[in-house]
Structure formats: structure tokens, C-alpha cells
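Letters go in sequence order (proteins before strands), and every chain restarts at 1. Since this is a predicted model, take the numbers as computed values, not measurements.
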2 protein chains.
Amino acid sequence: MATPMPAAEIFTPLRQTAPLTQSLPEQIAARLSERIVSGTYTPGQRIMEQNVAEEFEVSRGPVREALRLLEKDGLVMILPRRGAQVTNPSIEEVNEIFDIRAMLNGLRDRLIAEGPHRAQLIPVLEQDIARLAETAANPGPGDEYIDIVLRLNRLLTQAAGNHRLQTILGSLAVQTVRYTRLGLSTPQRRQQSVRNWQSLLQAIRDGNGDAAERIARQRVIDSRDAAAEHLRAQRA
Amino acid sequence: MATPMPAAEIFTPLRQTAPLTQSLPEQIAARLSERIVSGTYTPGQRIMEQNVAEEFEVSRGPVREALRLLEKDGLVMILPRRGAQVTNPSIEEVNEIFDIRAMLNGLRDRLIAEGPHRAQLIPVLEQDIARLAETAANPGPGDEYIDIVLRLNRLLTQAAGNHRLQTILGSLAVQTVRYTRLGLSTPQRRQQSVRNWQSLLQAIRDGNGDAAERIARQRVIDSRDAAAEHLRAQRA
DNA sequence: GTCAAGAAGATTGTTGACAATAATACAAAC
DNA sequence: GTTTGTATTATTGTCAACAATCTTCTTGAC
């Protein structure tokens with residue numbers, strides 16, 4: 001892989017040539033975000049401005065703003081005079097977030113099923129869902145199944161055409177990746193998940209908004225229950 | 001020279017005695033928020049850090065953070081190198097936000113109708129909704145009707161017991177106050193609104209979650225359509 | 001008169017220093 | 001041995017100055 005290497009590009013000491021779409025705080029936030037989502041920073045862990053600033057060779061100002069951005073996404077909690085720490089939601093709070101996602105995914109999928117652009121979308125969905133079924137049957141190494149699910153969700157969220165909804169769902173998705181992963185860890189759950197996606201696809205084909213909403217909600221609720229079960233087992 | 005003790009005094013005269021629950025950026029954000037919601041700052045207006053800093057006699061740092069807080073609530077939009085401006089959503093965007101509110105209010109009212117605490121809540125609701133009906137029939141000066149509606153919504157949002165939902169709905173409510181006001185400006189709409197609230201109350205009495213959700217959604221959608229109608233007329 | 005290029009001004013972005021507060025370690029008293 | 005008060009340290013909060021960038025105004029050519 002030649003391109004990735006994000007670290008080098010983060011701080012471009014002299015950037016008078018490159019327009020650079022992302023601001024410095026955004027770049028820092030993106031890097032910290034990765035670490036939180038991937039678990040490098042554990043829930044509850046304190047993030048100290050000075051450390052981050054030294055590591056990225058910037059002053060504390062941009063780091064502070066980056067932390068505010070992460071707070072907006074619910075990845076850290078900032079307490080006055082106490083700094084930022086990685087959010088550590090209780091099982092109840094995770095359930096709450098899933099409930100909200102269920103409702104908003106319902107809206108999203110209804111909008112798609114009733115929207116004008118669904119014809120273009122269907123072939124793409126068919127392909128991804130087929131790969132999903134395949135991956136569920138023959139689990140490879142890595143997290144390919146999760147990756148496809150996340151991509152499908154991104155695709156649908158963009159396709160719904162409601163910009164604010166996209167923002168909120170994106171934020172909630174980031175907050176629950178960890179738990180979604182947990183909920184999709186067994187073959188049984190993956191098969192159930194595949195069936196849900198197939199039903200959704202059919203509802204979209206039919207242009208049936210009611211069905212699309214109902215299925216979407218059920219899909220997230222299933223995910224919620226599976227995650228909760230694992231969380232309970234894990235914390236006991 | 002003893003340190004000047006910056007203008008934290010603006011809002012809390014003596015800080016060494018009072019623990020001060022709100023940080024300086026939060027206080028600034030609260031003040032700016034008022035101005036945006038009340039219309040003192042008009043949609044699209046640019047907010048410049050220096051001006052705010054001078055007015056409140058603080059440096060630009062806290063102002064910057066305050067603006068980030070307002071961005072989190074969707075009250076301003078911050079563009080890199082362009083600063084902050086009061087959000088000026090299009091009719092389509094306002095509709096989008098109302099759609100999201102409809103779904104989440106549905107969840108909220110279902111949670112209440114199916115929740116264990118509804119018995120305590122019902123008398124309070126009865127009282128407020130009675131006052132609502134009264135105010136709709138005999139409109140006084142001021143915006144009492146709107147005030148009661150906002151209070152009812154706050155009450156229900158708190159009662160639902162889903163903390164994240166409370167945060168999101170609070171933010172969305174702030175963003176749409178202006179348009180809610182617009183949508184409730186005619187007697188016809190207020191009467192329709194009162195009927196919706198009464199139906200909701202009945203659903204909560206019955207512990208009927210499905211009905212509560214359905215009515216809540218319809219209530220917000222009615223509000224959305226009324227606001228959109230006025231917005232279209234106003235902008236034409 | 002219109003448009004383009006450049007200069008001047010205004011505004012945001014970043015930094016390092018200092019102040020205020022919270023967390024910790026330690027000592028003394030009971 | 002526990003607890004309380006105090007000193008030390010670590011960390012966040014705020015500020016003012018400087019740098020980078022965007023906007024606006026002026027100037028000149030066509």
C-alpha cells in the first residue's frame with residue numbers, strides 16, 4: 001500500500017502549496033477517533049492535552065478543539081477542569097443509543113424505499129448483500145463481514161438524502177461500532193443479520209416504505225439485543 | 001498587580017466563593033444562544049470572534065470554544081478560515097429536521113406510555129394540556145401557548161428516561177423553535193395541536209405505546225407542514 | 001464601463017507563557 | 001492505623017502576540 005500513511009501528512013509544516021481540505025483540529029480528531037474506535041484508547045481513559053500536543057508536535061490549542069470535535073461525536077466526555085476522557089457508556093446507555101438508531105434507520109430506509117433514486121441503488125445493494133451472505137457462510141480472517149455492514153450503512157445513509165439525518169446517524173454509528181462488532185460475532189447472528197438485509201432489499205425493490213421502516217427497526221433492535229447479551233456476559 | 005481576573009465576573013460576580021457550575025465558554029455560548037434563538041442574530045449573520053470577545057471582555061479563546069458548543073447544537077456553522085455564521089437552513093433542511101424530530105418524539109412518547117412512571121406524569125400533563133386548550137381558545141398577548149408547548153416537550157423529554165435522546169431532542173428543539181412558533185401562529189393550527197396533545201394524553205393513560213408513537217409522529221408532521229407553508233409564503 | 005491583478009485591511013489559526021484549579025504525596029495529630 | 005491538613009505537582013483555563021489566509025478596495029488595462 002503506497003498511499004495510506006496518514007501520519008506523515010498530519011502536520012504539514014509548510015502547507016502554502018497544498019490547499020488541504022481538513023483543518024488541523026480535524027486531522028487530530030480523526031487520528032484520535034481511530035484510536036478510540038479501535039480500542040487503543042480504552043473506555044474511561046483520560047486523554048491529556050499536553051501528551052497529544054507533544055506527540056503531534058502542535059500546541060494545545062488545536063488539540064483542545066479536536067477534543068471538542070470528538071465530544072460532538074460522543075467519543076469523549078469533557079468535564080470542566082477535569083479534561084477529556086474516552087466515553088464509557090453503561091449497558092443501559094448503549095441500549096438507548098441503539099434505540100435511537102433503530103428509529104432513525106427506520107426513517108432512513110423508508111425515505112429510500114419511497115424515494116426516487118432507489119432504482120440506481122438496488123444493483124449496488126444486491127451485490128453487497130450477496131457478498132454479505134457469502135462472508136457469513138465462509139468466515140475468513142479479519143472483520144470483512146463488519147466492514148461490509150458498515151459500508152452498506154454508509155451507502156444507505158448517504159442515499160437517503162437527508163443531510164441532518166446523515167450527520168446524526170454517522171455520529172451514532174461511530175459510537176456503536178464497537179458494540180455492533182460484538183453483536184455480530186456469532187454465525188447465528190450473522191445469518192439472522194443477512195436475512196434482515198435481504199428482507200430490507202426486497203422492501204426497497206417493492207417501494208414499500210412501511211415494510212422498509214419496520215425491517216430496519218427490527219434489524220437494529222436485534223443488533224442491540226445481541227450486543228447487550230455479550231456485554232452482560234463480558235462484564236459479569 | 002494582582003491578576004485582573006478576567007471577565008468571568010460578567011455572569012458570576014465572585015468566583016472564589018461559588019464553585020461555578022458553568023464554564024466560561026458555556027456561559028458565553030448560553031448568551032449567544034439566546035440571541036440566535038430570539039432572532040437578535042439573524043440567520044446567515046456572521047459572528048466574529050473579536051467582536052464577541054470585546055463585548056464580553058474575554059480573549060478569543062473562550063469565544064472560540066463557545067462557538068464550537070453552538071455548532072454542536074446546530075445554531076451556527078463554522079467553516080474553516082471563514083468563521084462562524086448563524087445557520088440559515090433551507091425549507092428542505094427544516095423539513096428534514098422535523099422528520100427526525102417526528103421519529104424521535106415517537107420513540108420518546110412510546111417510552112413514556114410503556115414506562116413505569118407514567119402514573120405520576122399524567123396529572124401534570126392533564127393540567128398543562130388543559131391550560132393549552134384554554135390559551136388556544138382565548139389567545140392572550142405574548143407567546144404563552146408556545147411557552148406551554150415547549151414546557152410540555154421538555155417535561156416529556158426528561159420523563160422518557162433516555163439520556164442521549166434527551167440531548168438530541170433538546171438540540172433539535174432549539175434549532176426548530178423559530179419554525180415551531182411559525183407553525184402555531186393560527187387559531188386553526190392551535191386547535192389541531194390541542195387535539196393532538198389530548199389524543200397523546202389518552203394514549204399515555206391507556207399505556208398504549210403504539211398509539212403514543214403514532215400520535216407523536218403525526219403531531220410533529222403537522223407542525224412541519226404548517227411551518228413549511230408559512231415559510232414558503234414568507235419567502236415568496 | 002468592465003474585468004483582472006495586486007495591495008491593504010480584516011479575520012481566523014496557532015503558539016507559548018502565565019494563572020487557576022484539581023490531583024497527589026506527605027506529614028502530623030489523634 | 002486512620003484521618004486530616006498542607007505542600008507539591010500536574011493539568012486545565014485564559015491570554016496576548018504572531019502567522020496565515022481570506023476579503024475588500026484600489027488601480028490599471030482593454
Check whether any side-chain N or O of A:S38 sits under 3.5 Å from a backbone N or O of A:E34 as a donor-acceptor pair, and report yes or no. yes
Inspect the surroundings of CZ in A:R82 and state if more than 12 heavy atoms from other residues, nucleotides or ligands are less than 6.0 Å away. no
Heavy-atom count check: over 12 atoms from other residues, nucleotides or ligands less than 6.0 Å from B:Q45 CD?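 Counting other residues, nucleotides and ligands, CD of B:Q45 exceeds 12 neighbours.
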Identify all pairs in which a protein N or O lies below 3.5 Å from an N or O of nucleotides 9-11 of chain C, and state each distance.
{"unit_1": "C:dT11", "atom_1": "O3'", "unit_2": "B:R46", "atom_2": "NH2", "d": "3.3"}

Would [X] and [Y] pass as an ion pair if we require N to O under 4.0 Å?
X: B:E71; Y: A:R68; answer: no
X: B:E49; Y: B:R60; answer: yes
X: A:E93; Y: A:R224; answer: no

Taking DNA chain C as the partner, which of residues 60-68 of chain B come within under 4.0 angstrom of it by heavy atom?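 Close to the strand are B:R60, B:R64.
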Figure out the [atom1]/[atom2] separation between [X] and [N], and round it to whole Å.
X: A:I28; N: C:dT14; atom1: CD1; atom2: P; answer: 8 Å
X: B:F56; N: D:dG13; atom1: CZ; atom2: C1'; answer: 18 Å
X: A:L24; N: D:dA19; atom1: CG; atom2: P; answer: 18 Å
X: A:Q85; N: C:dA23; atom1: CD; atom2: C1'; answer: 14 Å
X: A:E26; N: C:dG13; atom1: CD; atom2: C1'; answer: 13 Å

Between CG of B:L156 and CD1 of B:I112, what distance do you get to the nearest 0.5 Å?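 Spacing of CG (B:L156) from CD1 (B:I112) equals 4.5 Å.
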Side chains of A:S171 and A:Q175, donor plus acceptor under 3.5 Å: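 Looking only at side-chain atoms, A:Q175 and A:S171 do form a donor-acceptor pair, the distance falling under 3.5 Å.
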